[in-house]
There are 2 protein chains.
Amino acid sequence: MSHMVYGRLMTLDREQVLRSAAALLSRKSTATMDEVARAAGIGRATLHRHFAGRDALVKALESLGIQEFEAALDAARLDEGTSEEALRRLIAAVEPSAGLMSFLVNENQLFEGDEVDEGWNRADARVSAFFRRGQERGEFRIDLTPAWLTEALYGLVGTAAWSVQAGRVAAQDFQHMIVELLLGGARRSVEQ
Amino acid sequence: MSHMVYGRLMTLDREQVLRSAAALLSRKSTATMDEVARAAGIGRATLHRHFAGRDALVKALESLGIQEFEAALDAARLDEGTSEEALRRLIAAVEPSAGLMSFLVNENQLFEGDEVDEGWNRADARVSAFFRRGQERGEFRIDLTPAWLTEALYGLVGTAAWSVQAGRVAAQDFQHMIVELLLGGARRSVEQ
DNA sequence: CCTCGATGAGACATTCATGTCTCACATGGT
DNA sequence: ACCATGTGAGACATGAATGTCTCATCGAGG
């Protein structure tokens, strides 16, 4: 039998389809179900067999994105070392998922009042708590709220992912661009 | 006659319709032509009389956005005073157009290879040149490229506009959030 | 008061993405 | 060799947004 149980683990096929869908939709968020299928190298009918519809596909992508982001949060060990080191680890861990996250953030903006996936709230809380902790330690300035720093983090990750995608900045600078801007800003500090 | 010449100035009606369309589409970028019409307090047929179709409407919005952004660039007098002061003026001048700009930036991402409006290139060049000048003056750090700083500026403006819209941050903090993060970053500097 | 122009409402055709279904085919397991 | 399951391709219905058209109405200007 080629299918295993649906649960914490998913079928290899499903996983691969989801990956290629993420790659495509990160570039072209309005891609058709047919385009998604072609990109995955399968027929549209088969795509519909895996995912009931576009909504189901997007929800699956959302789960994947949340899962990857939370894995990045784990891998970053946000409570170890200085906040700066932790942030560098987080951005590094998040880089492979940046395109998908950018897509999902934009996608979530469309559902105005509707309830957002609880996973996002969990992730938001962890990021926000990280910034608050850094403030309490005296490592982050306190005139920028944790909520704004969290949003700015998402925004910069998305902007960087898109800028790389569009060829406007070098892919190898991804982490440096985000971390340096987020931490130190554009101003050239005196002691530097 | 209720119509004046179409040219540099547009009909008051047209202008107002465009404004309300900008306001609506900034919040809900997928709004229908019918919704746009209702929001403007006119019928769908009338909307089509003003703008041949959705594409024409978006193009008109793009022109409006570019015009407002270039006006903000003018008003900011980017070559007067320190780069920091100039950036503060720019963000202040851009605030009223932030929602529209955010919409247009996201919209432009959908037209991958297609040629972008030349107005954007002009504006991009001015912003990019501003950052480069600041680097040459020693006011901005040189390890972040002008291209990235330009993209980050757009991204942060859009993120801030959306965060305010979503009620996650206070509207009155708009300028401070963007300018401080963009200039100084989140790190608490020693001399502060 | 009358006329012209713009409008709103609605009918209508068209296009496109979606979702469902059928059928022939191939591949893998028995 | 046989059978079953998954698959691709295509036909088909559906719904939604778009674009076009007509017509009755309203209002301003002559």
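In what follows, chains are A, B, ... by sequence order, proteins preceding strands, each numbered from 1.
- The CD1 atom of I42(B) sits 14 Å away from the P atom of dA6(C) (whole-angstrom rounding).
- Note on E136(B) versus R132(B): no salt bridge recorded, every NZ/NE/NH1/NH2 to OD/OE distance being 4.0 Å or above.
- Side-chain contact between L18(A) and L57(A) is present, with heavy atoms from C-beta onward closer than 4.5 Å.
- If you measure from atom CZ of F51(A) to atom P of dG6(D), you get 16 Å, rounded to the nearest angstrom.
- Summarising the geometry, the separation between NE2 on H50(A) and P on dT18(C) is reported as 17 Å, rounded to the nearest angstrom.
- Note that the NE2 atom of H50(B) and the CZ atom of R14(B) stand 8.0 Å from one another [nearest 0.5 Å].
- Contact annotation: the side chain of L182(B) approaches that of L181(A) to within less than 4.5 Å [non-hydrogen atoms, C-beta and beyond].
- Ring orientation note: the planes of W120(B) and F69(B) are tilted relative to one another, at an angle of 30° to 60°.
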With the criterion being N/O to N/O and under 3.5 Å, what pairs connect the protein with nucleotides 14-21 of chain D, and how long is each?
unit_1, atom_1, unit_2, atom_2, d
dT18(D), OP1, R54(B), NE, 2.9
dT18(D), OP2, M33(B), N, 2.9
dG19(D), OP2, H48(B), NE2, 3.4
dG19(D), OP2, R54(B), N, 3.1
dG19(D), N7, R44(B), NH1, 3.0
dG19(D), O6, R44(B), NH2, 2.9

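- Taking only side-chain nitrogens and oxygens, T46(B) never comes nearer than 4.0 Å to OP1 or OP2 of dT7(C).
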L90(A) and L153(A): side-chain contact (heavy atoms from CB on, under 4.5 Å), yes or no, with the steps?
-> CA-CA 11 Å; L90(A) 177 59; L153(A) 171 66; 4.1 Å; yes
